[in-house]
Engineer: 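The structure under discussion is supplied below as structure tokens; questions concerning it will follow.
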Amino acid sequence: MATKHSRSAARLMMAPAVILLLGWMLVPLTMTLYFSFKRYLPLRGDSLENGLQWVGLENYARFIGSSAFWPSVQATLVIVGGVLLITVVFGIFLAILLDQPFWGQGIVRLLVIAPFFVMPTVSALVWKNMFMDPVNGILAHLWRFFGAEPVSWLSDASVQSIILIVSWQWLPFATLILLTAIQSLDSEQLEAAEMDGAPPVKRFWFIILPHLSRAITIVVLIQTIFLLSIFAEIFVTTGGAFGTRTLTYLIFQRVVDSQNIGLGSAGGVYAIILANIVAIFLMRIVGSNLDR
Amino acid sequence: MARAVTTRRKVITTAAAWAVGLLIFFPIYWTILTSFKTEAQAINDPPLFFNFDWTLENYTLVQQRSDYMRFLWNSVIIAGGSTLLGIIVAVPAAWSMAFVPSKRTKDILLWMLSTKMLPAVGVLYPISLLFVQFNLLDTRFGLIIVLMLINLPIIVWMLYTYFKEIPVDILEAARMDGAGLKEEILYVLTPMAVPGIASTILLNFILAWNEAFWTLNLTAANAGPLTAFIASYSSPEGLFFAKLSAASTMAIAPILILGWFSQKQLVRGLTFGAVK
Amino acid sequence: MGRIVLDKVKKSFGEVTVIPPLDLEINDGEFVVFVGPSGCGKSTLLRLIAGLEDVSDGVIQIDGKDATDVPPAKRGLAMVFQSYALYPHMTVRKNIAFPLRMAGLDQAEQNKRVEQAAAVLNLTDYLERRPGQLSGGQRQRVAIGRAIVREPAAFLFDEPLSNLDAALRVGMRLEISELHKRLKTTMIYVTHDQVEAMTMADKIVVLQAGVIEQVGSPLELYSRPRNTFVAGFIGSPKMNLIGGAEAQKHNAQTIGIRPEHIEISTTEGMWKGTVGVSEHLGSDTFFHVQTPISEEPLTVRATGEMSLGYGADVYLTPRPEFLHRFDAQGLRIE
């Protein structure tokens, strides 16, 4: 199969995809890197035509030094961590539940994965208005029904609210992957453990959980990459107010709202480095999977 | 598992699973239900489940006020166009990586994946600048290109994992049976690859349909797809729950149905074949 | 016609040479079996003949013509794969007809030949099914059917029975042998199972690490193994190989004696020993006897009726006409 002729044909067939992605990666990345070393405030008359002033690492220092930076890192970590915790824990629970025999398995499965297909702007707006509105939302009705004072979710418990919305969107993803992983568990292993006298809780702890560890790692890594750049959910709910300004959103504001391209680009470089650290771990796992 | 499950246990599991399933689905159910209410009924306390006057008024209003069909059409063109373009670029690439692997194939695949992990916000300004430069801002073509590029790694990966599963033996058998390259591709490979290509198209259509960073940042009135259409409801005027629900229902219904069909392929596509 | 000659054929993958230059002649109508432990290069050799791998050096001739650079489709050979490699999206009929379709035969001729092959292989009732709906044995037969409709110069079989269960394997073995008797076409058959090799072959090629250890008829290999490797590989249970002082007595580095060529007695004999495990097969009994002359217990075949307790004392006597002697290089001493 692998003759010289087919090799060169293969290279030719790969070329379009490789060249496109190479361009997509290198061109904007180079530009971001370039801007990050420049003073670039279009509203104050800086423009590419007149040449930009080289400021060295000033943008990097200012981005980290700004009062908004550490809170944004904290918001990012809390939101990403919270969503991961909720989706993984409930995902395992749901995966085990859905793996049991019961009536209507197919339909329940469809119900559970449905949120994944809802576009982010829709889910954010539906939750914001119809559920979390402090006057007319369902949750407000519910609170009043029990005689409690309705909560202004998106201002008083803003971070928790965002975590709830995003978790609702990503729980199906975690559940589906963990369910697939559970179904690949050899039932003989569980039967062997049962013969060895392990009660259900121990079977879960010593057999099921270790079997799931790979799938859990993958869920965590893939979700982290997507969650680090959640945007629409914040854009249409709080607009970054009330402590929900994540790193992504802070950079977005620097670039779009305050039109400080240099500063935003420096932030962008930080975000790229952060994403790459996570990506390396994910690639290791995916890569080792290729060899099997 | 040749062991009988007790009916009692099955009843309990059924109740629990349905309870959880309905709870998770409730926001979608509630949105669909509310879309058929009047605005006053939509905010009624206690909430109305059945005893309201079903109306289609909201759907007509939404179409009149914001020209829903135009956004829908944009979504279809952008999601469909980017998926199709991606497939055209990816099929030959995935093909050659699966069937003529070289020492660098693995590195190329992983590198492609790494481009997917670039945070979009990090390159927002350069891309906008390029869009202005090439007059692509607020055009469907511009978005088709960008969405194609961000989903290309996933498309290549999905196709690669599908192609990889076609046993080399079968291709060799075809060659022994006297098939040339053309016949091999036409009669053996293509029929075996079609299911994989179809599910790749489906999943990527969904991903492109729901993409909500570039579609919000690179469009205005002209090329905005449904994500942008819905985002326009974020600054409300008066009572609007029922209209928001109608708009949301229309935005998610087509993709929800497609998504339900693609659920089996979802896992493989989203984990790059790492979980099957 | 199907005479295949390999002349100094060599195969290496990069730096690694899997088959050093090798010569082999396969005559028209012969049933040749390549046998050897896994990784010995037997499948690679078959794929070189098929044209699925390029030779690194040397010449492959098919019916006197140089076929070294001829693509597999043009060599006029048919192959049955270990995995059967059936086309999952085609019915059995279409699977079997595929080579005919590729050869551009008309529909009527295709149908005629497919139905003939199906009748021979008992597949007539399954022609409209897909491979996924067939059992392992039936799939195997479809793969063979696909090979025979082409009327090839030679059939190549790559471990075709290894995915079948034991009972089915015996049946298919007979069917393939019968097919060979009827078609009288050259067949090259790769297996790691020496029982298959012994029962089916006209000529066995024993391979180890890409090198031909011996070529010959099953009985030749059995009665006159060229070296200790062939001696140990052919025959079941394995030949007992004994070194040390006992071999010195026969002027050899190693002596070999098959389990069926040792007399066992409870009263007298050449070697004294104790019975370990006994395996009763009904027709035969195999005793594993520990003796002072070798570390390993000797395997001895006796009649099915014979029974000895664990730890019983016995005496063993090899039949001298069946004693094999090997020198320091492991080569046979005549």
Side-chain angles (χ1 to χ4, degrees), chain A residues 2 6-7 10 13-14 16-17 20-21 24-25 28 31-32 97-98 100-103 108 110-114 117-122 125-126 129-130 136 138 141 176-177 180-181 187 215 218 225 228-229 231-232 236 248 251-252 255 261 264 268 271-272 275 279 283 285-287 289-290, chain B residues 1 5 10 13-14 16-18 21 24-25 27-28 31 43 45-47 89-90 92-93 95-96 100 106 110 112 114-115 117-127 149 152 156 206 210 212-213 216 227 230-231 233-234 241 244 248 251-252 255-256 259-260 263 266-267 271-272 274-275:
Chain A
S6 62
R7 282 212 183 289
M13 283 158 77
M14 236 177 335
L20 279 173
L21 280 176
W24 169 246
M25 181 183 81
M31 289 167 78
T32 297
L97 183 64
L98 296 185
Q100 311 295 318
F102 63 87
W103 288 291
V108 171
L110 291 184
L111 295 181
V112 169
I113 61 167
F117 302 116
V118 176
M119 58 177 66
T121 44
V122 167
L125 277 184
V126 164
N129 293 299
M130 294 167 51
N136 294 321
I138 290 261
H141 294 327
L176 209 54
I177 288 175
T180 312
S187 68
I218 289 167
I225 284 164
L228 279 176
S229 51
F231 173 76
V236 299
T248 297
I251 299 167
F252 169 78
V255 172
I261 313 303
I272 290 167
M283 312 269 260
I285 295 198
V286 175
N289 203 53
L290 272 184
Chain B
M1 292 288 266
V5 178
K10 201 167 171 182
T13 319
T14 306
W18 275 91
I24 289 176
F25 189 71
I28 298 173
T31 306
I43 58 167
D45 189 4
V89 176
W95 194 279
S96 59
V100 195
K106 188 178 149 183
L110 287 177
M112 284 187 169
S114 75
T115 66
M117 296 170 191
L118 281 183
V121 73
V123 292
L124 173 59
Y125 190 75
I127 296 297
L149 287 167
L152 191 56
V156 172
I206 294 170
N210 286 343
F213 182 79
L216 292 182
T227 43
I230 295 298
Y233 278 83
S234 60
F241 279 20
L244 170 68
S248 298
I252 62 174
I255 221 64
L256 199 57
W260 278 342
Q263 56 153 329
L266 204 60
V267 172
T271 61
F272 313 103
V275 174

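In what follows, every chain begins at residue 1, and chains take the letters A, B, ... in the order their sequences are listed.
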Engineer: Do B:Ile230 and A:Leu125 have side chains that get closer than 4.5 Å, going by heavy atoms?
Structural biologist: yes
Engineer: Applying side-chain contact (heavy atoms from CB on, under 4.5 Å), can you list everything that pairs with B:Ala93, at least two apart in sequence or on another chain?
Structural biologist: A:Met14, A:Ala17, B:Met97
Engineer: Working to the nearest 0.5 Å, report the span between CZ of A:Phe102 and OG1 of B:Thr13.
Structural biologist: 8.0 Å
Engineer: Output the distance between atom OG1 (B:Thr31) and atom CE (A:Met130), rounded to the nearest 0.5 Å.
Structural biologist: 4.5 Å
Engineer: Before giving the answer on side chain to side chain contact (heavy atoms under 4.5 Å, CB included), spell out for A:Phe117 and B:Ile206 the whole-Å C-alpha distance, their side-chain angles and the decisive distance to 0.1 Å.
Structural biologist: CA-CA 7 Å; A:Phe117 302 116; B:Ile206 294 170; 3.8 Å; yes
Engineer: State the CG-OG1 distance between B:Leu124 and A:Thr248, to the nearest 0.5 angstrom.
Structural biologist: 11.0 Å
Engineer: Please classify the contact between A:Val122 and chain B as side chain, backbone, both or neither, with a heavy-atom cut-off of under 4.5 Å.
Structural biologist: both
Engineer: Please state whether the side chain, the backbone, both or neither of A:Leu20 comes within less than 4.5 Å of a heavy atom of chain B.
Structural biologist: both
Engineer: At a 4.5 Å cut-off on heavy atoms, which part of A:Phe252 comes close to chain B: side chain, backbone, both, or neither?
Structural biologist: both
Engineer: Given side chain to side chain contact (heavy atoms under 4.5 Å, CB included), test B:Leu152 with A:Trp24 step by step and report yes or no.
Structural biologist: CA-CA 11 Å; B:Leu152 191 56; A:Trp24 169 246; over 6 Å; no
Engineer: List the residues meeting side-chain hydrogen bond (donor to acceptor under 3.5 Å, both in side chains) with B:Thr227, not counting sequence neighbours, and say none if there are none.
Structural biologist: B:Thr215
Engineer: Going from OH on B:Tyr125 to OG1 on A:Thr32, what distance comes out if it is rounded to the nearest 0.5 angstrom?
Structural biologist: 11.0 Å
Engineer: Give me the atom names and distance for the closest heavy-atom approach of A:Pro28 to B:Pro126.
Structural biologist: O-CG, 3.6 Å
Engineer: Distance from A:Met25 atom CE to B:Ser114 atom OG, nearest 0.5 Å?
Structural biologist: 6.5 Å
Engineer: Hey, does the side chain of B:Trp18 reach the backbone of A:Trp103 with a donor-acceptor pair shorter than 3.5 angstrom?
Structural biologist: yes
Engineer: Below 4.5 Å from any heavy atom of chain B, which atoms of A:Ile261 appear? Answer side chain, backbone, both or neither.
Structural biologist: side chain
Engineer: Do side-chain atoms of B:Thr115 reach the backbone of A:Leu21 as a donor and acceptor pair under 3.5 angstrom?
Structural biologist: no
Engineer: Give the member of B:Ile127, B:Leu149, B:Val123, B:Leu244 that has the highest number of heavy-atom pairs under 4.5 Å with chain A.
Structural biologist: B:Leu149
Engineer: Considering only heavy atoms from C-beta outward, does the side chain of A:Thr121 approach that of B:Leu216 to under 4.5 Å?
Structural biologist: yes
Engineer: Considering all heavy atoms of both residues, which atom of B:Lys10 and which atom of A:Pro101 are nearest to each other, and what is their separation?
Structural biologist: CG-O, 3.6 Å
Engineer: Measure across B:Ser248 and A:Val126 and return the closest heavy-atom pair with its distance rounded to 0.1 Å.
Structural biologist: OG-CG2, 4.0 Å
Engineer: Hey, what do you get for CD (A:Gln100) to OG1 (B:Thr14), rounding to the nearest 0.5 Å?
Structural biologist: 10.5 Å
Engineer: Looking only at non-hydrogen atoms, find the nearest pair between B:Ala17 and A:Val108 and report the distance.
Structural biologist: O-CG1, 3.6 Å
Engineer: Under a 4.5 Å cutoff for heavy-atom pairs, which residue among A:Val118, A:Leu98, A:Val112 has the most contacts with chain B?
Structural biologist: A:Val118
Engineer: Are the side chains of B:Phe25 and A:Leu110 in contact, using a 4.5 Å heavy-atom criterion?
Structural biologist: no
Engineer: With a 4.5 angstrom heavy-atom cut-off, is it the side chain or the backbone of B:Ala90 that approaches chain A, or both, or neither?
Structural biologist: neither
Engineer: Any idea which of B:Val89, B:Val121, B:Ile252 has the most non-hydrogen atom pairs under 4.5 angstrom with chain A?
Structural biologist: B:Val121
Engineer: At their closest point, which heavy atom of B:Leu256 faces which heavy atom of A:Ala114, and how far apart are they?
Structural biologist: CD1-O, 3.6 Å
